Colleague: 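Supplied in structure tokens, the structure appears directly below.
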Amino acid sequence: MMDALFFYLFATLVLGGAILTVTRRNAVHSAISLIVSLIGVAGLYLLQQAEFLFAVQIVLYVGGIMVLFLFVIMLVNLDQAAKQRRFNRQWWIALLCVTAVGVEIAYFVRKGASAFSMARPPVAAVANAGGNTEQIADVLFRQYLLPFEIASVLLLVAVVGSVVMAKKRI
Amino acid sequence: MSQYYSTNEAFALTPALTLALFGCWILVFDFLFANSKQKRYFALVVVAGLIFAGVGLYRQQAFLATSGDSSIIAFSGALTIDRFALYFNWVFELATLIVALVSYNYLEIEGEHHGEYYALLLFAQCGMFFLAAGTDLVTLFIGLELMALCFYVMVGFLRGDKRSNEAAIKYLLLGAFSSGFLVYGFSIMYGLAGSTRLTDVAAAIAARPAWDPLVFLAMTTTAVGLLFKISAAPFHMWAPDAYEGAPTTITAYLSVASKAASFAFLLRIFLGPLAPARDAWEPLLAAVAILTMTIGNLAAISQTNIKRLLAYSSISHAGYMLLGLIAGNDTGIQGIAVYVMVYAFMNLGAFLVVIALRRKNIIGDDVDDMAGLMYRSPGYAVLMLIFLLSLAGIPPTAGFLGKYYIFLSLIETHHYLLAVIATLYVAVAIYYYFRIVKTMFVGELTEKAPLATSFGLRVALGITGVLTLAVGVYPEPVLRLAQNSFLR
């Protein structure tokens, strides 16, 4: 009962925030609506007992990435853009995509979960790990240790690359 | 815990670790060499890094030879050092070495000589190592992104040049888009197998019928991502623009090393997890190969910019290499291996001559800039002739060897139509390569400024020129190496 209540609460946040994000003309309002939507997604993660994803969603998306968005919006002069009419007419492509996804979801809701004939992840790892966060740590530092380490080099290259591209005199 | 961190892991990772360490060294000690002239010492650091990485590769090779194992498996299956991975890594070593040797003079002329460039070269090769040796979807993908990210930056390295900016942004946007497709395919594969290890994915796909819709979806989306990276039509649009705008040294590196690494990746995926779905992808890749050869060869005819011309020629070479995969027998796969190696030094060589044409105040990347090259610098003109003969696939140069094995494999597997089409396009290729030759030998000398040579450039030209001729005349060692690399 409580779960259902919270689900509808977070779902409203997600959908309401998303609709406001695309309909607001003021870019700052859009960004703030997006934050609301992302917080709703974080809530849904928590309902699914994915505490780690919940924390990451808040810290990374609501915290880091949205601050970056707001910075960009405030640095770039958007007053001019807000007064102009949208020049691209791509809403019908979006409509097509939404219809396609809607049909897919309706199909799977009707057929039930068994319609996804996908393999299950190994059960052993789930059984002996303490919780969601421990499980992720376990997989990340054992099975995916190598990609995790290469990602550090990747991030280094990203930092160096963006400095090289952005700085006037290196 | 010890099973996750052992000397085995360290041993398998040596070449990549060495490359990353030397890259970091350059970043940290960039201040040691303050002015543009001194930065050329970084080229030496890169060469040193390559030597150490080469020692690592050599020791791995020696270990495989003495122990009789077919591979070193590390990180519980995420990394597999086999002869296949080592073979491709030798190609990367060669390509990075040549590019590092010619870069310092070129960057000084362009006025963008920075230490970061050399660090990115090493990091890019580090990414390629994982592309050739990775046997896990996540490792492969991160390796690919590491390589691609370095290339995005290096393509746009001439920040004052609008063409370079344009090239970088086009490559970045299209590259990111294609990576999206690739990950989509990978996510379906993970969904099918419940694991990201290639062996598990292969088992899961083999358990399904060949025309399973999910397998087909995974195969097509993965193929889109991979075909983009090797610049096969219809995903080749980025290549001419990126090749034209990038610094010529990076164009050479992009066309050779990036393509070789992507081919290693493609072979790992298509001969590994997707091998059971061969009936589904063979006609698809055959169509792509024909389209690639058609677009590459026909569009090259009308190009006036030599970097664009070589870009289209490189697209058509990707088509020839794909033919080996379509044939799919041992000759075909070895043919790809030989082709990748041979293509590496002949294409690098052709770009080296274009690099020498870039002088202070002379951009020198038009076909007309080659006019009368024979009368001014006969050595360069003759070398360029050798590289172009090789690219066209005319004996006794190395390029003939690559094409010979690809065509042989097509005949062996009764793909006669493909063989005929491929042979016809060789004739087209001869036409546009010889347009350059004609300009060099018959054209009137207009620009009298001497070529931009340096010690590194001459060494690099020597290596590529000698290899192109030597492998063509005496192919035994390369053939043996290629055969060994695909022993299963």
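Each chain gets a letter, A, B and so on, in the order the sequences are listed, and its residues count up from 1. Every value quoted in this text rests on a predicted model; they were computed, and no experiment measured them.
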Colleague: What part of B:Y117 gets within 4.5 angstrom of chain A, counting heavy atoms only: side chain, backbone, both, or neither?
Modeller: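 No part of B:Y117 comes within 4.5 Å of chain A.
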
Colleague: Just by distance, with hydrogens left out, do B:Y106 and B:H113 show a side-chain donor and acceptor under 3.5 Å apart?
Modeller: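 No, no side-chain donor-acceptor contact under 3.5 Å.
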
Colleague: Would B:S258 and B:Y253 count as having a side-chain donor-acceptor pair, cut-off 3.5 Å?
Modeller: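 Looking only at side-chain atoms, B:Y253 and B:S258 do not form any donor-acceptor pair under 3.5 Å.
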
Colleague: Looking at chain A, which one of B:E116, B:H114, B:M147, B:E112 has the largest number of heavy-atom pairs inside 4.5 Å, strictly under?
Modeller: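 Counting heavy-atom pairs under 4.5 Å, the top option is B:H114.
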
Colleague: Taking side chain to side chain donor-acceptor pair (under 3.5 Å) as the cut-off, I'd like each qualifying pair that reaches into residues 5-24 of chain A, sequence neighbours left out, listed once.
Modeller: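 Not a single pair qualifies under side chain to side chain donor-acceptor pair (under 3.5 Å).
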
Colleague: Between A:V153 and chain B, with a heavy-atom cut-off of 4.5 Å, which part of the residue counts as in contact: side chain, backbone, both or neither?
Modeller: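 For A:V153, the contact with chain B is made by backbone and side chain together.
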
Colleague: Any salt bridge between B:E166 and B:K170, counting N to O under 4.0 Å?
Modeller: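 Looking at B:E166 and B:K170, the cut-off is met.
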
Colleague: Starting from the C-alpha separation in whole Å, work towards a yes-or-no answer on side chain to side chain contact (heavy atoms under 4.5 Å, CB included) for A:L20 and A:H29.
Modeller: CA-CA 8 Å; A:L20 285 177; A:H29 291 181; over 6 Å; no

Colleague: Can you tell me which of B:Y152, B:F157, B:F123, B:F141 forms the most heavy-atom pairs within a distance under 4.5 Å of chain A?
Modeller: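 Looking at each option in turn, the highest pair count goes to B:F123.
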
Colleague: Is the shortest side-chain heavy-atom distance between B:L131 and B:K229 below 4.5 Å?
Modeller: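 B:L131 vs B:K229: side chains apart.
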
Colleague: Check each atom of A:L156 against the heavy atoms of chain B and say whether the ones under 4.5 Å are side chain, backbone, both or neither.
Modeller: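 A:L156 touches chain B through side-chain heavy atoms alone.
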
Colleague: Below 4.5 Å from any heavy atom of chain A, which atoms of B:D30 appear? Answer side chain, backbone, both or neither.
Modeller: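 For B:D30, no heavy atom lies under 4.5 Å from chain A.
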
Colleague: Between B:L140 and chain A, with a heavy-atom cut-off of 4.5 Å, which part of the residue counts as in contact: side chain, backbone, both or neither?
Modeller: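 No part of it gets close to chain A.
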
